[in-house]
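See structure below.
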Number of protein chains: 2
Amino acid sequence: MADSFKQLHPLQHLAAFSPSSPSQIQPGPTPRCYPGSRQAQAEISDMETQRNPHTQLGAADLTVQLCSESLKTTSPESKAFGTVFTDHMLTIEWSEAEGWGAPRIRPFGNLSMHPACSSLHYGIQLFEGLKVYRGEDERLRLFRPMLNMKRMSKSARRVCLPAFDEVELLECIRRLVEIEQDWAFISGPSMHLYVRPTFISTEASLGVKRATRALLYVIICLAGSYFSGGSEGLSLWADPKYIRAAKGGTGDCKLGGNYGGCLAAQYEAKEFGCQQVLWLYGDDHQITEAGTMNIFLHWINEDGVEELATPPLDSLILPGVTRQSILEITRKWGEFAVSERYLTMDQLCSALEQQRVKEMFGSGTACMIRHLSQIVYKGECGRTPSDWTLLV
Amino acid sequence: MADSFKQLHPLQHLAAFSPSSPSQIQPGPTPRCYPGSRQAQAEISDMETQRNPHTQLGAADLTVQLCSESLKTTSPESKAFGTVFTDHMLTIEWSEAEGWGAPRIRPFGNLSMHPACSSLHYGIQLFEGLKVYRGEDERLRLFRPMLNMKRMSKSARRVCLPAFDEVELLECIRRLVEIEQDWAFISGPSMHLYVRPTFISTEASLGVKRATRALLYVIICLAGSYFSGGSEGLSLWADPKYIRAAKGGTGDCKLGGNYGGCLAAQYEAKEFGCQQVLWLYGDDHQITEAGTMNIFLHWINEDGVEELATPPLDSLILPGVTRQSILEITRKWGEFAVSERYLTMDQLCSALEQQRVKEMFGSGTACMIRHLSQIVYKGECGRTPSDWTLLV
């Protein structure tokens, strides 16, 4: 990977994004009880609007029940991404009749779900993902978490789940992370905590309709490298027969159905010796995303200009937090043009043929930044620079 | 609705489809115990292929635990579709390591789910829907259930859930319906039993990957009229800004995400005074489905030929069992041309203007056949014959 992009690792830029946000977490002894912090509420009260204590999500109502014994270990059973969970979870119930219930931090455990819940039948479900990073100052920080809260609200609107106070939810999440903070110190610097807010319908009815009951919950897992193979470049399979999203669909929201619908292609990619799918769209085979990542092309474009390009947010593309951060940082650098623009396979193939491609990479919270080294397209295999051997 | 289409009610055609299928259910006293019927297994043994008793789904392994008290009542609390469930459910667990476990019929109850289950995060979930009809001979029948089993297999492949023996699963469902048969007699002839097979990932991992654990379960609910308003025609809102499905996507499978993704449009339709969405696709605004129904147009087509037309199964369209049955029955009638063909809004508008539309209706297991009376398109309101007032 070009040295310059290594600088895009979020740890290098945390200070720029969250110097005094409510997401900054002070390390300290694990607290034993949180009956609801009045101070925290006071600090953010100016950001509250039209809050009705009986129906709105409120961090001041938070109750905490700690587990009797932690499952923390310095050698977790599995290092696979998203398989080892911390001791506690946050749950907040909502009903149309009563609004938001009191947030609860409680021991991690199974959910009891009616078998007709429309989250299980009609995909009325959404999630977010954000990481807790340990800075060089040993303090823990969430990376630009309000961007996740806002995207979560947008996803909720898309599946008719209720609105929530984003600042209050973030404060509840901050408290959960604070309780679990020791988990962030149990393994090496490459292991992070990954926070997974989840919002599901608990409507127990088979009619296809808006939920009148829902559950918002947050779990935290250990997150090592998302892909196996360390920092090696990923190989991609590009075939227009599958799409990830379409205009007028839900591809710009973090809804469950966007992911399950991609699995078949992901495993077909393996049959072609590739690790992930390069998602194409339209008759001109536009490049949209790679696996579950946003995609970036650093190249000399068709006008001879050095450019970092990524597809625009036109409803096909997930508005990634890492994507946005890369755009903001590289625009600040001013070293090359930075564009949100359409990119087609024809353009990419020409650029590879003419050796105008400097680098391709995917971005995302789980994978951070990952070099893309190889693309199989129309039965041909193309490689990006450094190990380029065969033109598409 | 034209008289001829009233004849399409499934009850009129049950005998044609299931005279001696394993789905025919004999009424009789509720049995108290089913340790596994050897006879049933023998009857279908010639349909089994490569069955390994340790890993394949097998009805012979079925165990039954009956509830101590039935919740049956002749005046159910709610008559809304899909809100009152029968006493028992069928559950069958699967794991990559051990294959299919023994099917269990047990008292209806909540599922205990790990909060990281990929059915809740990534929409790795699918369902089917079929009805139990009481014929004029007082016997109960499932309507063409093998079509549902086959479609369920197809949906499972699409989200990388494991294959199962369709005949064996149907036999387990037949046994569940047999146990619940008295529920089919508790209310009037307009109330049916609706059987909901469901198949979800129970993989407790946040990596986006194929499930290594899954649960197939079947619940049964009371099903009155799916839409309120009796047999009145439905009004539809047609706006190309939302799509239900796209080529290369999952619209031809019964996956949860296809339904949750449609909710926002369904409620936006209400703001335009309409009950459901007429789903369009492509620059030429092809008509694809209406709400969660397949759509049929009975008209004099552009060549002056009387035709019953429905969009073809080109991956956008759910291959409905009722749709297929209507095509087969009307082809047998031979009274008019029956076509699977593309239909655009321009063609429909011209036909309405020239009074060439005889009838439009939606079809589905839940709604059966439902007259479509009104379409709001480009801000204009068009009505189908009998109450037509304003041309689009």
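Here is how names work: the chains are called A, B, and so on, in the same order as the sequence lines, proteins then strands, and each is numbered from 1.
Gln125(B) has its side chain out of reach of Tyr122(A): every pair of non-hydrogen atoms, C-beta onward, lies at least 4.5 Å apart. Looking only at side-chain heavy atoms (C-beta outward), Leu120(B) and Tyr217(A) come within less than 4.5 Å of each other.
Heavy atoms closer than 4.5 Å to chain B are found nowhere in Tyr281(A), neither backbone nor side chain. Of the two parts of Phe81(A), the backbone and the side chain both hold a non-hydrogen atom closer than 4.5 Å to a non-hydrogen atom of chain B. Of the atoms belonging to Phe127(A), it is side-chain heavy atoms, and not backbone ones, that fall under 4.5 Å from chain B. For chain A, the nearby part of Lys247(B) is the backbone; its heavy atoms alone come within less than 4.5 Å. If you measure heavy-atom distances from Ser119(B) to chain A, the contacts under 4.5 Å come from both the backbone and the side chain. For Phe199(B), no part lies near chain A; criterion is any non-hydrogen pair under 4.5 Å.
For the options Arg158(B), Met89(B), Arg210(B), heavy-atom pairs under 4.5 Å to chain A are most numerous at Arg210(B). Taking chain A as the reference chain and counting heavy-atom pairs below 4.5 Å, the highest number among Thr83(B), Leu215(B), Thr198(B) is found for Thr198(B). Contact tally against chain A (heavy-atom pairs below 4.5 Å) for Ala80(B), Gly82(B), Gly249(B), Ala223(B): the top residue is Gly82(B). Per-residue counts of heavy-atom pairs under 4.5 Å with chain A were compared for Arg196(B), Arg244(B), Gln266(B); the largest is that of Arg196(B).
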Atom pairs and distances, donor-acceptor, side-chain atoms in residues 108-117 of chain B, under 3.5 Å, two or more places apart:
| unit_1 | atom_1 | unit_2 | atom_2 | d |
| --- | --- | --- | --- | --- |
| Asn110(B) | ND2 | Ser112(A) | OG | 2.9 |
| Ser112(B) | OG | Asn110(A) | ND2 | 3.0 |
| His114(B) | ND1 | Ala116(B) | N | 3.0 |

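When all heavy atoms of Ala204(A) and Phe85(B) are compared, the closest pair comes out as O-CE1, 3.9 Å.
Every residue two or more places apart in sequence or in another chain that forms a salt bridge (Lys or Arg N to Asp or Glu O under 4.0 Å) with Glu268(B) is listed here: Lys241(B).
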